[in-house]
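For this chain, numbers begin at 1 and follow the sequence in order. Remember, predicted model here, so these are calculated numbers, not experimental data.
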Amino acid sequence: MQTGEFIEGETVPVRVAASSPDGIYYVEAEFEGLLIELTPTEDGYFEGSFDLGELGGELPYGPHVVTVDAYGTFGDVGSAQRTLHRYAPPTLAWNVRPHDTLTAGWRFEAKCIPTPPYECKELAAQFSSPSGSYSFYNDVWSPYPQPVPGRLYIKEAEGHSGYWLPSGRTYTLTISANVGIGPNVTTTVGPIHVDRSQRLTAVQRAPGAILDFDATRFLFLDHLARLGIFERATQAVTWLERMQQGGDAAPLSAVYGALTPSGAVYQTTNGYIFSWVDGTRNTVARAARLDAVNGDTAVWTTNSDDWALAHSLSTGKNRTLWASAGSRSPFQADIAASGEIFFGTYENASIVGPGRSLLGDHEGNLQRPITDGTNVAGRWWDGRTSSSYLYTADGEEVFLGDSITSTSAGLLVHAGHTGFLKSDGAVNQVWLRAADGEQHQISDFATDSTFDQVKLRVGHDGLSDSGEVLFLNGGKRYIGGPGAAPEEISTDLGHGRWLDGSWYVTIGNTLFQVAGEEGSPARLAATVALTPEDGAREVLSTSFTGDELPDAPVFARDLHEPDALPELTDGTELMGDGDADGGLSPAAAGCSASGPAGSPPGAAALAAALAGLLALARRGRPRS
């Protein structure tokens with residue numbers, strides 16, 4: 001007789017078919033000491049139901065046997081049994097969450113926690129990326145010791161050849177487990193990044209993917225599509241909006257934005273641009289594209305790129321910069337700290353500056369100009385090469401060089417220094433024009449080098465005050481300067497930036513500071529931690545310690561309405577199974593009488609299991 005059905009709810013329905021050549025006199029069923037008579041139905045079955053409340057206490061988790069006896073008119077008797085399970089699926093726990101970055105000293109770990117008397121039989125985790133998949137597996141036959149009987153653990157290996165998960169990749173993590181009955185419990189987490197470069201020192205985590213940061217704040221987007229501003233000192237979160245998903249909305253990866261002195265400005269998935277100014281959300285534009293932001297000024301265009309406007313965040317007013325019906329541009333602009341705007345279009349051969357002043361006049365399509373408030377640089381693409389020019393505060397035009405690329409993100413300007421790409425005849429190398437006017441070749445690789453650029457910060461993040469250049473080559477991030485070989489600092493994940501005298505890299509939800517050339521072990525000096533009011537303990541570590549992993553998922557269920565956007569922080573060391581709104585599933589909450597989603601209902605399972613099994617046989621057992 002097969003087993004494996006589940007008990008759900010407070011009753012155990014029984015439906016059986018019994019037959020005898022001489023007819024059926026009586027059918028009864030017994031369950032945990034309860035005895036009931038099954039009554040005949042018009043379709044030839046016998047039915048009844050056990051009331052579990054009559055047991056005088058909660059039915060323990062585990063297997064339980066239902067016995068059915070059917071008696072024929074002349075003493076024939078037939079008996080059948082079925083094993084049912086009051087079952088709660090195992091809890092899965094792991095030590096990464098969406099947008100986390102596994103760094104040096106932090107290994108992936110997970111565990112399966114069963115509901116007694118069941119024991120975990122299998123636990124597996126798979127990290128999948130476009131470059132390959134990597135799996136961890138453990139079961140009851142594995143030779144590795146398990147600290148707690150009945151549980152299973154997996155931990156990323158660390159050996160002489162390094163960590164098991166290759167660095168420089170972004171993964172989707174799938175974890176599954178079972179206890180030998182019921183379906184596998186499976187959950188998917190992602191994205192998870194891996195960068196174990198020794199030159200990166202983890203400084204702080206945000207509650208989601210970091211879109212922008214400054215000395216005091218993060219602008220972030222979490223895995224529930226919520227955009228927020230995180231105060232780095234107090235860890236307070238101001239929620240701005242939940243992004244639209246589905247339908248005609250763009251994917252969440254299309255969301256971008258920038259912090260401003262009064263709050264933030266950002267592009268949504270449905271083509272809107274909003275600003276958050278001193279606690280108030282304002283609509284900047286619809287069916288539009290956010291092009292540039294600095295201080296109190298934002299530049300945006302219509303989706304057709306035939307109309308461009310400058311927007312004052314403090315007043316909410318727009319002024320037209322450029323309009324050309326049926327334009328074939330992209331329109332691209334840059335904003336100085338003073339608010340002065342420089343822009344380029346394919347229709348105009350010159351960079352247009354304040355007061356409609358013009359800089360340069362060259363063949364080809366003018367790409368995005370870049371300014372540091374003193375100098376202005378631009379590139380003209382003729383279909384084969386991009387020619388770069390610098391315009392100094394003295395009005396001098398300086399030819400920087402040609403690069404064999406059509407990308408507009410080929411210039412850096414900061415503190416009087418200019419970084420630019422220049423072809424050596426085979427590939428593009430990185431060059432620097434220092435503030436004193438001297439030019440220096442920074443890279444000398446056999447493959448193309450590129451600048452580390454992101455939307456709204458193109459041309460501004462890859463130069464230090466002293467003229468060091470940040471750039472990418474062959475999946476690695478480098479810092480180079482005049483007269484010295486470039487230093488590898490990390491993989492090319494995320495984005496690097498110079499801020500307040502230091503180099504930083506953001507990968508997912510983590511802000512890293514670039515350590516000195518001697519290196520520094522990656523650590524997390526400050527993390528996002530739940531406060532006691534959030535219903536969970538504070539955790540300041542990103543990895544399990546000791547032989548035993550921490551018990552129990554620590555996320556508290558979010559009782560707010562989905563659109564209420566509660567002001568909370570939800571970072572933690574140990575993740576548990578989560579529902580769509582961030583709360584725990586019954587498996588993670590533990591001690592649930594409900595079976596897993598998709599498990600067969602108790603009534604239907606038992607009826608199907610016993611129907612037709614009781615064909616009476618003569619056994620010489622008289623009916624009393």
Side-chain angles (χ1 to χ4, degrees), residues 91-103 106-110 125-130 133-134 156 165 168-176 185-195 202 204-213 218-230 235 237 239-243 245-246 251-257 269 493-495 505-512 524 527-530 534 536 539 541-544 553-558 562 565-566 568-585 588:
T91 296
L92 296 180
W94 58 96
N95 68 334
V96 292
R97 47 178 202 160
H99 306 296
D100 263 344
T101 301
L102 288 169
T103 61
W106 181 5
R107 290 187 284 171
F108 167 73
E109 302 173 8
Q126 178 171 288
F127 285 80
S128 301
S129 77
S133 298
Y134 301 86
E156 183 186 3
L165 291 172
R169 297 183 184 179
T170 296
Y171 299 91
T172 298
L173 167 63
T174 302
I175 308 173
S176 64
V185 176
T186 301
T187 190
T188 300
V189 184
I192 304 296
H193 314 282
V194 179
D195 191 323
Q204 194 168 18
R205 279 205 315 252
I210 298 172
L211 304 183
D212 192 18
F213 74 96
F218 292 130
L219 178 67
F220 72 91
L221 181 70
D222 75 5
H223 67 288
L224 299 178
R226 301 180 300 183
L227 186 74
I229 295 176
F230 177 79
Q235 300 187 1
V237 173
W239 295 103
L240 309 186
E241 183 173 351
R242 185 191 293 273
M243 293 294 138
Q245 298 184 77
L252 287 179
S253 58
V255 176
Y256 61 96
T269 56
L493 290 182
H495 176 62
V505 175
T506 55
I507 306 175
N509 65 1
T510 308
L511 175 68
F512 298 89
L524 197 61
T527 69
V528 181
L530 288 170
D534 293 319
V539 180
S541 169
T542 57
S543 181
F544 302 126
V554 296
F555 272 159
R557 181 177 292 277
D558 178 7
L565 298 180
L568 53 86
T569 56
D570 57 0
T572 178
E573 168 185 24
L574 179 63
M575 293 282 293
D577 299 333
D579 62 24
D581 289 323
L584 295 178
S585 68

Handout entry: Nearest-0.5 Å distance that lies between atom CD1 in Ile210 and atom CG in Leu219
Key = 10.0 Å
Completion exercise
Here the gap from Arg226 atom CZ to Met243 atom CE, rounded to the nearest 0.5 Å, amounts to 12.0 Å
Exercise for the section: Nearest 0.5 Å please: distance from the CZ atom of Phe230 over to the CD atom of Gln235. Expected result: 4.5 Å
Completion exercise
When every non-hydrogen atom of Leu252 is compared with those of Ala225, the smallest separation belongs to CD2-CB, 3.7 Å
Problem - Exercise: identify the closest heavy-atom pair between Asp212 and Gly257 - result: CB-O, 4.0 Å
Handout entry: Pair Ile192-Leu165, side chain to side chain contact (heavy atoms under 4.5 Å, CB included): steps then yes or no
Key = CA-CA 11 Å; Ile192 304 296; Leu165 291 172; over 6 Å; no
Exercise for the section: Indicate the atoms forming the closest heavy-atom contact of Trp106 with Arg205, along with that distance. Expected result: CH2-NH1, 4.2 Å
Problem - Approximate separation, where rounding is to 0.5 Å, of Asp100 CG and Ile507 CD1 - result: 11.5 Å
Practice task
Find the distance between CG (Leu240) and CG (Leu221) and round it off to the nearest 0.5 Å.
Solution key: 10.5 Å
Practice task
Please report the closest heavy-atom contact between Phe220 and Gly208, naming both atoms and the distance.
Solution key: CD1-N, 3.6 Å
Exercise for the section: Enter the distance from Leu224:CG to Arg242:CZ here, rounded to the nearest 0.5 Å. Expected result: 6.0 Å
Problem - pair Gln245-Thr269: side-chain heavy atoms closer than 4.5 Å - result: no
Practice task
For residues Arg169 and Tyr134, report the shortest heavy-atom separation together with the two atoms involved.
Solution key: NH1-OH, 2.8 Å
Practice task
Apply ring pair (Phe, Tyr, Trp, His ring centres under 6.0 Å) to Phe127 and list each qualifying residue two or more places apart in sequence or on a separate chain.
Solution key: Phe108, Phe136, Tyr171
Fill in the blank from the handout: Nearest heavy-atom approach of Ala202 to Thr510 is CB-CG2, 4.1 Å
Practice task
Could I get the full list of side-chain hydrogen bond (donor to acceptor under 3.5 Å, both in side chains) partners for Asp195, not counting sequence neighbours?
Solution key: Ser197, Thr491
Practice task
List for me each residue that meets side-chain hydrogen bond (donor to acceptor under 3.5 Å, both in side chains) alongside Gln126, sequence neighbours excluded, and say none if there are none.
Solution key: Ser128, Ser135
Problem - Note, Gln204 side chain near Phe218 side chain (heavy atom, < 4.5 Å) - result: yes
Practice task
For Thr170, enumerate each residue passing the side-chain hydrogen bond (donor to acceptor under 3.5 Å, both in side chains) test, keeping only those at least two apart in sequence or located in another chain.
Solution key: His193
Exercise for the section: List in chain and number order the residues that pass side chain to side chain contact (heavy atoms under 4.5 Å, CB included) with Thr172, two or more places apart in sequence or in another chain; answer none if no residue qualifies. Expected result: Thr188
Problem - Arg107 backbone acceptor or donor facing Asn95 side chain under 3.5 Å - result: yes
